[in-house]
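Have a look at the structure below, then the notes.
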Amino acid sequence: MAQIKAAITGVYGYVPEDVLTNQDLEKMVDTNDEWIRTRTGIQERHLLKDPDKATSYMATQAVLGLLEKTGLDPLDIDLLICASVTPDYFFPDTGTLICHNIGAKNSFAYDIQAACSGFLFSATTGAKFIESGAYKNVVIVGADKMSSIVDYTDRSTCILFGDAAGAILLQGNEKGFGLQDSWMRVDGVGAEFLHMKGGGSKNPPTHETVDKKMHYIFQDGGPVYKAAVKGMSEAVGQMLDRNNLSPDDIRFVVPHQANLRIIQAVAKMLDFPMERVMVNIQKYGNTTSGTIPLCLWEFEDQLKPGDKVILTSFGGGYTWGASLWNWAY
Ligand code: UT7
């Protein structure tokens, strides 16, 4: 019997309406459009401004769109994994809230927290449930309301992030479509350079943690930048070497969108043409768990069955990796 592989059979995204441009940011902090564009490639990002709506709202919209597009009945979802660093609550998990919102009554769900690699790690994890034959329909959704943990007085971070969600459907097939290989790593040395100090069991919330602005993203960008270039190049290189592929064999590399210069440096190190690297950071900024599915959503009409696609990410932790997929539709 042919091996079951887990293919991406649909993708959908949700981006909130409100836009925060570089010009808006010029009025909020000491920055300018030219600095932001040349240092990061970002021109604008979308924010979920409604205080009553959280990450699960955006994820729900993305998954509802995915269900409509693929014609999947929510009752046929077996598992939903939500990747997020901005869950609605510590508990219950966001995946369970999404299942409730969409009526996925026959599913189980959980969240994966791996910073900007959350979607990549979740997609590989979900694929294993399909490959094992245990489940038929697995939904992976990456969603983050980054505006809930961004300090809009800190120019070094507030220019970077946006809010969004993106979802994929994984289904089995015996034709060789889907996940071919993956390589993922973590290194806790990175915790020092990218983290949120407060709110967890190390520094539970108090007046003091709020006064000291400990509930916002802290990033020392320089070391993260270097590690991101090295990590994503290494991971994509692993996919090429282990599968005897050259850049010419790959239709698209789909990198986490943290900084256009990081993406360009990775492409250069791999001798990979930028025309075949998915980029939409200019419109959305860094949406953390949302970046990779949002790229797939935007570029899917440039893909056809059998195209080889490499997803790659790098994030806080550090967490990084890559996965190789045969596109199915
Ligand atoms: O997604 C998770 C992983 N995260 C990443 O991959 C992000 C990795 N890091 C980066 O993308 C970059 O390091 C940043 C975009 C965060 C920063 O870019 P950079 O080229 O590394 O700038 P820098 O931090 O070295 O700062 C250069 C200068 C500094 O001024 P001085 O000390 O040279 O006078 C900063 O204070 O730019 C200044 N600066 C700004 N100036 C205008 C920092 N932020 C701004 C700003 N506007 N928004």
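Atoms within a ligand are numbered from 1 in the order they appear, just like the ligands themselves.
Interface of I262 with ligand 1, defined as ligand atoms under 4.0 Å from a residue heavy atom, comprises 6 (O), 8 (C). The ligand atoms of ligand 1 that sit less than 4.0 angstrom from a heavy atom of T40 are 15 (C). Near G222, the atoms of ligand 1 lying under 4.0 angstrom from a non-hydrogen atom of the residue are 13 (O). Heavy-atom contacts of A258 reach the following atoms of ligand 1: 1 (O), 5 (C), 6 (O) (cutoff under 4.0 Å). Those atoms of ligand 1 that come under 4.0 Å of a heavy atom in T31, given as number and element, are 42 (C), 46 (C), 47 (N), 48 (N).
By the 6.0 Å contact criterion, NZ on K69 is enclosed, its count of non-hydrogen atoms from other residues, nucleotides or ligands being greater than 12. The neighbour count for E68 CD, taken as heavy atoms of other residues, nucleotides or ligands under 6.0 Å away, does not exceed 12. The 12-atom threshold is not exceeded at OH of Y89, counting heavy atoms of other residues, nucleotides or ligands nearer than 6.0 Å.
Protein heavy atoms are found less than 4.0 angstrom from atom 37 (O) of ligand 1. Atom 32 (O) of ligand 1 is not flagged as protein-proximal [any protein heavy atom, distance under 4.0 Å]. Shown here, atom 24 (O) of ligand 1 is out of close reach of the protein: none of its heavy atoms lies under 4.0 Å off. In this structure, atom 6 (O) of ligand 1 is in close contact with the protein, since a protein heavy atom lies within 4.0 Å of it. Within the 4.0 Å cut-off (strictly below), no protein heavy atom is located near atom 29 (C) of ligand 1.
For the pair L311 and L296, the minimum side-chain heavy-atom distance is below 4.5 Å. When side chains are defined from C-beta on, L72 counts as touching I77, because their heavy atoms get closer than 4.5 Å.
Given atom 16 (C) of ligand 1, the protein heavy atom at minimum distance is Q219 NE2, 3.8 Å. When hydrogens are left out, the protein atom nearest atom 10 (C) of ligand 1 is N259 ND2, 3.6 Å; that is the closest non-hydrogen contact. For atom 44 (N) of ligand 1, the closest non-hydrogen atom of the protein is W35 CH2, 3.4 Å. Atom 35 (C) of ligand 1 has as its closest protein heavy atom R155 NH2, 3.8 Å. The protein heavy atom nearest to atom 2 (C) of ligand 1 is C116 SG, 3.2 Å.
For W325, the ring-ring contact (aromatic ring centres under 6.0 Å, His included) criterion is met by no residue, not counting sequence neighbours. Checked against ring-ring contact (aromatic ring centres under 6.0 Å, His included), H100 has no partners two or more places apart in sequence or in another chain.
Heavy-atom proximity to atom 3 (C) of ligand 1, evaluated over V224, L160, T287, I263, is greatest for V224.
Y12 and W297 have their aromatic ring centers within a separation under 6.0 angstrom. You'll find the ring centres of Y57 and Y14 inside the 6.0 Å limit. Side-chain rings of H46 and Y284 approach one another, their centers coming within less than 6.0 Å.
The OH atom of Y110 sits 11.5 Å away from the OG1 atom of T96 when rounded to the nearest 0.5 Å.
For R39, a nitrogen or oxygen atom sits less than 3.5 Å from a nitrogen or oxygen atom of ligand 1, counting backbone and side chain alike. Considering backbone and side-chain atoms alike, G221 places an N or O below 3.5 Å from some N or O of ligand 1. Residue-to-ligand polar distances place R261 within reach of ligand 1: an N/O pair is separated by less than 3.5 Å.
Comment: K212 engages E208 in a salt bridge, judged by a side-chain N to carboxylate O separation of less than 4.0 angstrom.
Residue N286 touches ligand 1 through its side chain alone, judged by heavy-atom distances below 4.0 Å.
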